[in-house]
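Everything on this sheet refers to the single structure shown next.
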Number of protein chains: 2
Amino acid sequence: MDRLAAEDERPVRQRLLDAGERLFAAHGWNGVSIRTLAAEADVTLSALNYHFGEKENLLAEIFAARAAPIAAERMRLLGKIEAKGAPTLEAIIQAFLRPALTVDKQFGGAPFVKLRARLATEPEAFSRRILARAFDQSSGAFIKALQAVLPGLPAADLAWRFHFLLGAMSYTMANPGRIQSLTGGACDPGDTELALAHLVPFAAAGFRAAPVRRPRRRTKQ
Amino acid sequence: MDRLAAEDERPVRQRLLDAGERLFAAHGWNGVSIRTLAAEADVTLSALNYHFGEKENLLAEIFAARAAPIAAERMRLLGKIEAKGAPTLEAIIQAFLRPALTVDKQFGGAPFVKLRARLATEPEAFSRRILARAFDQSSGAFIKALQAVLPGLPAADLAWRFHFLLGAMSYTMANPGRIQSLTGGACDPGDTELALAHLVPFAAAGFRAAPVRRPRRRTKQ
DNA sequence: GTCTATAGCTGGATAGAC
DNA sequence: GTCTATCCAGCTATAGAC
């Protein structure tokens with residue numbers, strides 16, 4: 001974009017956004033102080049405060065910069081496959097997952113994948129709000145698209161299955177290392193293409209399962 | 001003040017364990033201080049330190065008290081269904097999930113479900129270690145059982161699918177509220193029996209999908 | 001075993017010079 | 001816009017009386 005920035009270093013704002021992305025992803029919201037953040041970006045504490053004000057703003061701006069392109073890419077892919085006629089279930093799921101898991105789009109994208117997954121289970125209310133604002137609209141569009149190719153599936157069942165898809169996706173993005181620990185490192189959730197190749201058919205089969213009859217209520221204390 | 005000490009109130013240790021379970025589940029490891037913990041348990045800061053030493057010990061002991069019964073119940077259920085002959089895929093998955101999701105076993109179990117899910121994505125290394133020590137053995141047994149009923153599935157595919165199951169399970173236990181936000185509250189992951197009724201067939205269908213042919217490598221570094 | 005008191009830090013955020 | 005200096009609330013952990 002701006003070639004004029006042929007200066008020695010990248011602008012302060014950008015250095016802070018990058019450092020925040022990387023450190024929040026690695027240590028969580030409460031795990032990194034604005035002092036550490038500033039030091040990592042080679043910036044004074046006051047400079048951070050000048051540019052972003054309170055800590056929450058930094059996270060919000062990191063998120064704003066990355067989430068919109070992901071949501072846009074999702075919609076673009078969905079539009080593309082729908083333009084070719086009735087899409088397959090697999091194609092829809094892939095259009096949903098790929099932009100979230102793919103990291104090689106822009107420099108610095110990889111930490112964001114982890115950051116986003118971390119944010120999903122972060123207890124702070126404002127992180128939920130950030131997430132909802134960023135993705136509710138595009139996710140809603142995908143639920144509609146899924147409903148169209150699964151006409152026999154009740155809306156509630158679809159919602160549950162979409163929820164499970166989000167869980168499998170988040171867990172893969174967060175990569176907590178459980179599966180490496182269980183298989184001696186045989187499978188690596190960090191391999192994006194391989195993760196997609198496995199998750200898409202797994203989820204598709206799940207979505208195609210017969211609808212669930214509502215179970216009888218268990219006696220509850 | 002105290003007439004025979006342990007009559008009027010529950011012991012200090014137990015009050016601290018309960019408070020820790022609830023507060024760590026709600027706010028995460030870094031989100032709650034030992035001061036808050038002590039106040040919540042109606043105990044002084046020093047009493048906490050006397051009983052548990054450093055903060056990490058409290059979490060470790062909370063976990064030790066709950067995880068073992070869950071793993072044991074899993075193994076008991078697995079043994080029970082295997083005793084009746086070759087178990088179904090659904091029965092195995094249910095035996096794995098139910099003890100993790102069920103909360104009405106003992107007083108105070110509900111917060112632990114959330115705590116455990118939170119711990120799975122916590123960045124601290126020691127929380128991963130706690131989790132691995134608690135569940136690696138029983139999870140290994142379930143992977144074996146799954147392999148037995150899915151003889152045609154390569155081990156790598158099975159590992160990936162087990163990983164996705166863990167993700168869907170964790171996400172449901174953590175209940176980050178995404179699906180309520182997307183469906184206007186129509187589906188509630190906090191309803192254990194309903195969650196099981198939906199997750200078991202979803203995962204079973206995923207496990208039964210055809211094995212994945214290893215995709216061509218994308219250009220990568 | 002339980003208390004009060006406090007040491008010794010680190011946290012987020014700001015003031016005001018330049 | 002960027003700095004140094006600072007405020008002060010909050011943190012973990014310990015000391016020492018009872």
Side-chain angles (χ1 to χ4, degrees), chain A residues 2 4-63 118-119 122-127 129-130, chain B residues 1-24 26-63 122-127 130:
Chain A
D2 51 14
L4 288 177
E7 300 274 82
D8 268 18
E9 294 179 328
R10 326 183 38 222
V12 169
R13 272 186 66 91
Q14 195 55 48
R15 293 212 309 273
L16 282 166
L17 289 171
D18 290 346
E21 195 166 57
R22 196 171 64 254
L23 292 181
F24 284 139
H27 306 112
W29 168 253
N30 279 318
V32 51
S33 68
I34 56 174
R35 297 178 121 89
T36 308
L37 241 10
E40 186 75 10
D42 204 18
V43 153
T44 62
L45 188 56
S46 305
L48 189 159
N49 208 268
Y50 172 79
H51 286 286
F52 294 97
E54 60 178 19
K55 195 182 175 186
E56 291 193 6
N57 279 357
L58 176 57
L59 181 61
E61 295 209 28
I62 289 167
F63 215 82
R118 190 88 73 208
L119 219 61
E122 206 78 45
E124 326 291 337
F126 82 95
S127 66
R129 247 179 293 123
I130 288 177
Chain B
M1 280 290 271
D2 41 298
R3 58 201 87 166
L4 227 59
E7 273 276 324
D8 268 21
E9 295 180 329
R10 328 190 31 228
V12 170
R13 271 186 66 92
Q14 193 56 47
R15 293 213 308 273
L16 282 166
L17 289 170
D18 290 346
E21 195 167 57
R22 197 170 63 255
L23 292 180
F24 284 139
H27 306 113
W29 168 254
N30 279 319
V32 51
S33 68
I34 57 174
R35 296 173 116 88
T36 309
L37 241 10
E40 187 74 11
D42 204 18
V43 154
T44 62
L45 189 56
S46 305
L48 189 159
N49 208 269
Y50 172 80
H51 286 286
F52 294 98
E54 60 178 20
K55 195 181 176 186
E56 290 192 6
N57 278 357
L58 177 58
L59 181 61
E61 295 210 28
I62 291 168
F63 215 80
E122 206 79 44
E124 326 291 336
F126 82 95
S127 65
I130 289 177

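In this text the structure is predicted, and so the values were computed from the model without any measurement. Chain letters run A, B, ... following the sequence lines, proteins first, then strands; residues in each count from 1.
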Among the nucleotides D/dC3, C/dT2, C/dA13, which one has an atom lying closest to any side-chain atom of A/Ala47? D/dC3
May I ask you to evaluate whether B/Ser33 reaches the phosphate of D/dC11, defined as a side-chain N or O under 4.0 Å from OP1 or OP2? yes
Please report the distance, rounded to the nearest Å, between CG in B/Leu45 and P in D/dG10. 14 Å
Sub-3.5 Å donor-acceptor pair from the side chain of A/Arg10 to the main-chain atoms of A/Arg15, do we have one? no
side-chain contact (heavy atoms from CB on, under 4.5 Å) test vs B/Phe52 passes for just one of B/Leu59, B/Leu58, B/Ile34, namely B/Leu58
B/Arg15 CZ - C/dT2 P separation (whole Å): 9 Å
From CG of B/Leu16 over to P of C/dG1, roughly how many Å is that when rounded to an integer? 14 Å
Measuring from B/Glu61:CD to B/Ile130:CD1, what's the distance to the nearest 0.5 Å? 10.5 Å
Using a heavy-atom cut-off of under 4.0 Å over every strand shown, decide if A/Val12 touches base, sugar-phosphate, or nothing. sugar-phosphate
Where the side chain of B/Lys55 is defined as all heavy atoms beyond and including C-beta, which of D/dA13, C/dT2, D/dC3 is the nearest nucleotide? D/dA13
In terms of side-chain heavy atoms of B/Ser46, which of C/dG1, D/dA15, D/dA13 is nearest? D/dA15
Protein-nucleotide distance (B/Phe52, atom CZ; C/dG1, atom C1'), rounded to Å: 14 Å
If you count every heavy atom of other residues, nucleotides or ligands that lies below 6.0 Å from B/His51 atom NE2, does the total exceed 12? yes
Between CD of A/Glu54 and C1' of C/dG12 the distance, given in whole Å, is 10 Å
Using whole Å, what does the distance between atom C1' of nucleotide D/dC11 and atom CH2 of B/Trp29 come to? 13 Å
Between B/Gly53 and A/Arg35, which is nearer to the 5' end of DNA chain D once each is assigned its nearest nucleotide? A/Arg35
From the set D/dA13, D/dC3, C/dA13, return the single nucleotide nearest to any side-chain atom of B/Ile34. D/dA13
Quick one: A/His27 NE2 to C/dG11 P, roughly how many Å, whole number? 13 Å
NE2 of B/His51 versus P of C/dG1: gap in Å, rounded? 7 Å
As a test of reading the structure: which of D/dT2, D/dC11, C/dA13 is closest to the side chain of A/Tyr50, going by heavy atoms? D/dT2
Should B/Trp29 and A/Asn30 count as side-chain neighbours, where that means a heavy-atom distance under 4.5 Å? no
